[in-house]
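As the structure is a prediction and not an experimental result, all values here were calculated from the model. Each ligand, and each atom within it, is numbered from 1 in the order the structure gives.
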Amino acid sequence: MKPIYVGLCGVGTVGGGTATVLKRNAEEIARRAGRPITVKMAASRDLARAREVCGSDVEIIDDALAIARHPDIDIVVELIGGTTVAKDLVLTAIEHGKHVVTANKKLIAEYGNEIFARAQEKGVIVAFEAAVAGGIPVIKALREGLTANRIEWVAGIINGTSNFILTEMRDKGAAFADVLAEAQRLGYAEADPTFDIEGHDAAHKLTIMSAIAFGIPVQFDKAYLEGISKLQAADIKYAQELGYRIKLLGVTRRRDTGIELRVAPTLIPAKRLIANVDGVMNAVLVKGDAVGATMYYGPGAGAEPTASSVIADLVDITRLHTADPEHRVPHLAFQPSQLADLPILPIGEVESCYYLRLNARDQTGVLADVTRILADQQISVDAMLQRPNDATSDDGHDDVVIITHLAIEKNVDAALAKIEALDTINGKIVKLRLEHLNG
Ligand SMILES: NC(=O)C1=CN([C@@H]2O[C@H](COP(=O)(O)OP(=O)(O)OC[C@H]3O[C@@H](n4cnc5c(N)ncnc54)[C@H](O)[C@@H]3O)[C@@H](O)[C@H]2O)C=CC1
Ligand SMILES: N[C@@H](CC=O)C(=O)O
Ligand code: NA
């Protein structure tokens, strides 16, 4: 049977993995897809490397756009990254009636609405399983496996690099910069690793899952994000003492007034399965009203795990591309005409439990002042811990850690401003969110 012809654009970590797995498992993949999936052309900046990876049967060129326009190519695979060349490439491929597979979460989270609208008009598929949680088929699960459900929330550890850094620091006492360098060497990190450690990458992925879960357009510009770079060792230690682990967690939750969409270092009870997802592994918890809580786990980055998702999309397109476009699975799970205009809530409206660490003078009445201010803002205390802030020099101040019950973030911020103004409190209060994640 005639192969379906793929043009591979970008032969780096994921592109290289995709070419390798497509070759190694060619027969098995063809048995599933119904016909061979063949890389006919590849575009790369490093022609020698591309030739070595792809083999001599593949035509190697340096101009990705020429692939997007080439009449022999059925599916364009965009594995370049970024939103300049990649966006141009994807839109050009769509204009030329080609299906697209991409691993580029930044592109989909920031320009997905425009890309899907053009793809819809041209009757082509844009598939992006590899863009979220690397090798985990979580887009498939959310878009197809859970269609019976009203999704209540999605929470995930969705940046392999940050999770790898947090795990290595905790388990081996390794230094932040050394572990980041190792993540780069292993091909986990983005070209600009600040995207990983400052939460952008996780927010891109969460934005995409939020759209699919709730049937809303992608709205990355409304996502709230905080990374792991400012996380302090003291908070990791106190969290552990209280029975929690800190993870870079993305949470998107449906509320009556809109949708929460936020990424931040977050405490999770240590006994939860997701709190024990370590290293480059990712996990996504989805709570549906019918199914309850489900969890998807696997490698979130790396050449072949990510290639696994790219190729699953290639197989899907090979099976589906002849189907009437009206009857294909919609890009964002909901029919394009059925997307809701639920607002993304500002961070002040978010509801969460909180971890607060303050440095308080060890004096009668200080904690009573603190709890009164919290109570005035409808914030109740779940647990409290008091430790001398430096065991070697008693300066008359203690670290006080407070875990709250559910509260609205703007009330917490108002209370913290008042507490910081007390002359018995030193410096800034550390505030982290805490999620119990019980189904
Ligand atoms: N590395 C990983 O584990 C994962 C990466 N991704 C995404 O996959 C995409 C690719 O990432 P990586 O493979 O890690 O990056 P990479 O940097 O290893 O590969 C990108 C390749 O594209 C090439 N390139 C740049 N401009 C080009 C152009 N104009 N024409 C042809 N080639 C060009 C680069 O020379 C490089 O070889 C990104 O969007 C990334 O966010 C998604 C999931 C996991
Ligand atoms: N840089 C990303 C790669 C996968 O999406 C990560 O570390 O998770
Ligand atoms: Na995936």
Is there at least one pair of N or O atoms, one from Gly15 and one from ligand 1, spaced under 3.5 Å apart? no
Ignoring hydrogens and geometry beyond distance, is a side-chain donor-acceptor pair present between Glu198 and Ser229 at under 3.5 Å? yes
Check ligand 1 against Ala301 and write out every atom of the ligand that is under 4.0 Å from a heavy-atom position of the residue. 3 (O)
Show which atoms of ligand 1 fall inside a sub-4.0 Å distance from at least one heavy-atom site of Gly81. 38 (C), 39 (O)
Which residue owns the protein heavy atom closest to atom 35 (O) of ligand 1, what's the atom, and how far is it? Arg45 CB, 3.9 Å
Within less than 4.0 angstrom of ligand 1, does Ala130 place any heavy atom? yes
What residue and heavy atom of the protein are closest to atom 7 (C) of ligand 1, and at what distance? Ala103 O, 3.4 Å
Would you mind checking which non-hydrogen protein atom is closest to atom 6 (N) of ligand 1, with the distance to 0.1 Å? Lys105 NZ, 3.6 Å
Has ligand 2 got any nitrogen or oxygen that is less than 3.5 angstrom from a nitrogen or oxygen of Gly160? yes
Just to check, does Ala189 reach to within less than 4.0 Å of ligand 2 when the distance is taken from its heavy atoms? yes
Metal check, the Na ion (ligand 3) vs Ile136 N/O/S, cut-off below 3.0 Å: yes
Heavy atoms only: which of Ala131, Gly12, Gly17 is nearest to atom 37 (O) of ligand 1? Gly12
For ligand 1, which atoms have a heavy atom of Ala43 less than 4.0 angstrom away? 31 (C), 32 (N)
Please name the pair of heavy atoms, one in Pro3 and one in Thr38, separated by the smallest distance, quoted to 0.1 Å. CB-OG1, 3.4 Å
Any donor-acceptor pair under 3.5 Å linking the side chain of Thr306 with the backbone of Gly135? no
With heavy atoms and a 4.0 Å threshold, my read on which part of Asp196 contacts ligand 2 is side chain
Can you name the atoms of ligand 1, numbered from 1 with element, that are less than 4.0 Å from a heavy atom of Val85? 29 (N)
Provide the number and element of each atom of ligand 1 under 4.0 Å from a heavy atom of Gly10. 22 (O), 32 (N)
State whether the shortest distance between N or O atoms of Asn282 and N or O atoms of ligand 2 falls below 3.5 angstrom. no
Any nitrogen or oxygen of Gly187, main chain or side chain, under 3.5 Å from a nitrogen or oxygen of ligand 1? yes
Is there a nitrogen or oxygen of Thr13 sitting under 3.5 Å from a nitrogen or oxygen of ligand 1? yes
Tell me which protein heavy atom sits closest to atom 5 (C) of ligand 1, plus the residue, atom name and distance to 0.1 Å. Val14 CG2, 3.5 Å
Is Tyr188 in polar range of ligand 1, meaning some N or O pair under 3.5 Å apart? no
Check whether any N, O or S atom of Val132 sits under 3.0 Å from the Na ion (ligand 3). yes
Show the atoms of ligand 2 that are less than 4.0 angstrom away from any heavy atom in Lys105. 2 (C), 3 (C), 4 (C), 5 (O)
Just let me know how Asp201 lines up against ligand 2, side chain, backbone, both or neither, with a heavy-atom cut-off below 4.0 Å. side chain
Answer yes or no: does an N/O atom from Glu190 fall short of 3.5 Å to an N/O atom of ligand 1? yes
Which residue and atom name correspond to the protein heavy atom nearest atom 25 (C) of ligand 1, and how close is it? Ile80 CG2, 3.6 Å
Which residue holds the protein heavy atom closest to atom 3 (O) of ligand 1, what is that atom called, and what is the gap in Å? Gly302 N, 2.7 Å
Is Lys106 near ligand 1, meaning one of its heavy atoms is under 4.0 Å from it? no
